[in-house]
Amino acid sequence: MRPDRTAFIHRFYSDRCWIEGTAEDQLEQVAAMRGVLSIAAFPDLHPGKYGPVGSAILADRIYPQLIGNDIGCGMSLFALDLPARKLRLDKAAQKLRMLEGSWQGASAARLKALDLRENLHAQALGTIGGGNHFCELQVVDANADSTALETFGLKKGDLALLVHSGSRSLGTAVFSTVLDRFAGLDPDSTEGHVYWQDHCQAIRWASLNRTLIAERAAEALRCELTLVTDAPHNMIEIWDGAFLHRKGAAKADIPLVPLAGSRDALSYLLVTKSDKPDALASLAHGAGRKYDRRSMIGRAGATRSERNELARTSFGGLVVCEDRQLLIEEAPNAYKDPKRVLEELVNAGLATNVASLKPLLTFKKAARQAQSIARQDKKRRLLDRRSRR
DNA sequence: ATGTCC
């Protein structure tokens, strides 16, 4: 604790990178909070509800607000054994619509394998959710150093799945128990201990959720998948004897981190470096928002033809997002240029780039299918109830 | 972000 001074903010971006003033203000506010020891800020920095998104914060207390509701949210990348030449995008888009329904697989065994209660929030497992979450089919474009990429089991032309999702309403339920604890939690208190345990479970649940989404997608596309990397960016971890909060900052003490672009921009695959302790073992997690959700009304998708445009990409790819509000809120122009973010990270010496990932099919939400599946679910629940009587 | 405010 150092009430007399604020924590140092290490900024891993240059003047060439546009950062919203509100986000800088939030960094200063967090730096002055009790027990905050050090902060790392990345080029995807933008304002969040409780604190700056795109930052890692080391503290000797637990601040649930810095993480928010989507505990364990992150990006998982999977390699697919489907040959790109066999892919028919429009057919693949139809096949992926099944992701909209609930997962009917054997959840108990999968939860138990991660030391989670066998029925822990099982009803939501394998679902993408809303907001900026997605399941994206991509094609790998190796950069100059293709040998480095091959050591991770990928090569130019391979198909991959990038899954961005989290702990769904499980994380929301955990966060709801500490909604008003703005002063943070003493890790030695009962409340701190309970939150910590629940939070750690939500992290494992969220990781499993991403795996199940990818497995469902691979099954729909009739191919096999291999995990390439799983990088959470919304969680707390014990690091250097303190609590490291990552809010929209990827865990970077793993070999590979995906840097997600917007759905009409390339994503990048980064090889991490570990010689900059001030970066708090973290990296940017994506392009970062330029405009908040509300201010996107009027900036995109005003007309039907504009909305139709938003359903395809400049790369010739498809976007399945049949929720009009979501389509507009998540329009590509709501985001900064991920290329700029990549360059800033490489210039700061935090990572090197081994591949670009070109979006082919971004699945977010299928409205019609969702409704019919919701009806089926309701029917099934009614039948279940009747059969139990 | 969220079985979301109907």
Side-chain angles (χ1 to χ4, degrees), chain A residues 23 26 44 46-55 63-76 99-104 107 119-135 163-179 195 198-199 202-203 205-207 209-210 212-213 232-236 245-250 260 262-263 285-289 291-297 321-331 334-335 364-382 384-385:
Chain A
Q26 288 185 340
D44 55 345
H46 60 279
K49 189 171 179 185
Y50 301 105
V53 183
S55 62
Y63 283 101
Q65 256 72 16
L66 289 179
I67 303 305
N69 59 8
D70 199 1
I71 302 161
C73 182
M75 306 269 178
S76 295
L99 288 171
E100 200 60 58
S102 55
W103 178 55
Q104 302 299 322
S107 52
N119 60 350
L120 182 68
H121 223 74
Q123 75 280 6
L125 268 177
T127 61
I128 297 171
N132 54 6
H133 291 171
F134 59 78
C135 173
V163 178
H164 179 198
S165 190
S167 52
R168 311 285 281 107
S169 38
L170 172 64
T172 308
V174 172
F175 185 51
S176 72
T177 63
V178 288
L179 266 185
Y195 172 80
D198 289 348
H199 151 280
I203 289 174
W205 193 102
S207 176
N209 191 38
R210 289 189 288 277
L212 293 173
I213 291 165
H233 56 230
N234 216 38
M235 38 94 82
I236 311 172
H245 302 67
R246 292 192 182 91
K247 177 62 180 177
S262 70
R263 65 190 183 215
H285 75 312
R289 281 199 90 93
Y291 302 117
D292 64 44
R293 292 174 189 286
R294 280 182 60 192
S295 71
M296 284 310 292
I297 304 168
C321 182
E322 292 164 352
D323 176 319
R324 183 193 284 201
Q325 193 184 330
L326 192 57
L327 186 74
I328 292 166
E329 284 177 355
E330 291 294 314
Y335 287 89
K364 289 184 72 71
K365 199 163 281 282
R368 271 161 276 156
Q369 180 78 349
Q371 279 162 14
S372 74
I373 286 176
R375 252 178 263 130
Q376 282 170 24
D377 283 354
K378 195 175 177 182
K379 209 171 177 180
R380 190 166 50 228
R381 278 198 302 274
L382 281 169
D384 280 357
R385 226 172 286 165

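Just so it is clear, the values below take in all heavy atoms, side chains as well, and ignore hydrogens, waters and symmetry mates. To find a chain, count down the sequence lines: A is the first, B the second, and so on, and within it residues start at 1.
Using a 4.0 Å heavy-atom cutoff across all strands shown, A:Gly129 reaches sugar-phosphate atoms only and no base atom. In this structure, A:Gly130 reaches the sugar-phosphate backbone alone: every heavy-atom distance under 4.0 Å involves primed, P, OP1 or OP2 atoms, never a base. Residue A:Gly131 is classed as a sugar-phosphate contact, given heavy-atom separations below 4.0 Å to backbone atoms only.
Taking atom CG of residue A:Asn69 and atom C1' of nucleotide B:dT4, one finds them 11 Å apart after rounding to whole Å. If you measure from atom CD of A:Gln325 to atom P of B:dT2, you get 13 Å, rounded to the nearest angstrom. Look at CD on A:Glu329: it is 15 Å from P on B:dT4, rounded to the nearest Å. Between the CZ atom of A:Arg294 and the P atom of B:dT4 there is a distance of 20 Å, given to the nearest Å. The nearest whole Å value for the distance from the NZ atom in A:Lys365 to the C1' atom in B:dT4 is 10 Å. Taking atom CG of residue A:Asp323 and atom C1' of nucleotide B:dT4, one finds them 11 Å apart after rounding to whole Å. Distance CZ (A:Arg168) to P (B:dT4): 11 Å, rounded to an integer number of Å. Atom-to-atom, NZ of A:Lys49 to P of B:dT4 comes out at 16 Å; the value is rounded to the nearest Å.
When only modelled atom types and interatomic distance are considered, A:Gln26 and A:Tyr50 share no side-chain donor-acceptor pair under 3.5 Å.
For A:His199, the side-chain contact (heavy atoms from CB on, under 4.5 Å) test picks out A:Ile71, A:Tyr195, A:Trp196, A:Ile203, A:Met235, A:Ile236, with sequence neighbours left out. Qualifying salt bridge (charged side-chain N to carboxylate O under 4.0 Å, His left out) partners for A:Arg210, counting only residues two or more places apart in sequence or in other chains: A:Asp230.
Note on ring orientation: taking the six-membered ring where Trp is involved, the planes of A:His46 and A:His285 are parallel (angle under 30°, cut-offs 30° and 60°).
Dashed line: the shortest gap from a side-chain N or O of A:Ser169 to OP1 or OP2 of B:dT2 is not under 4.0 Å.
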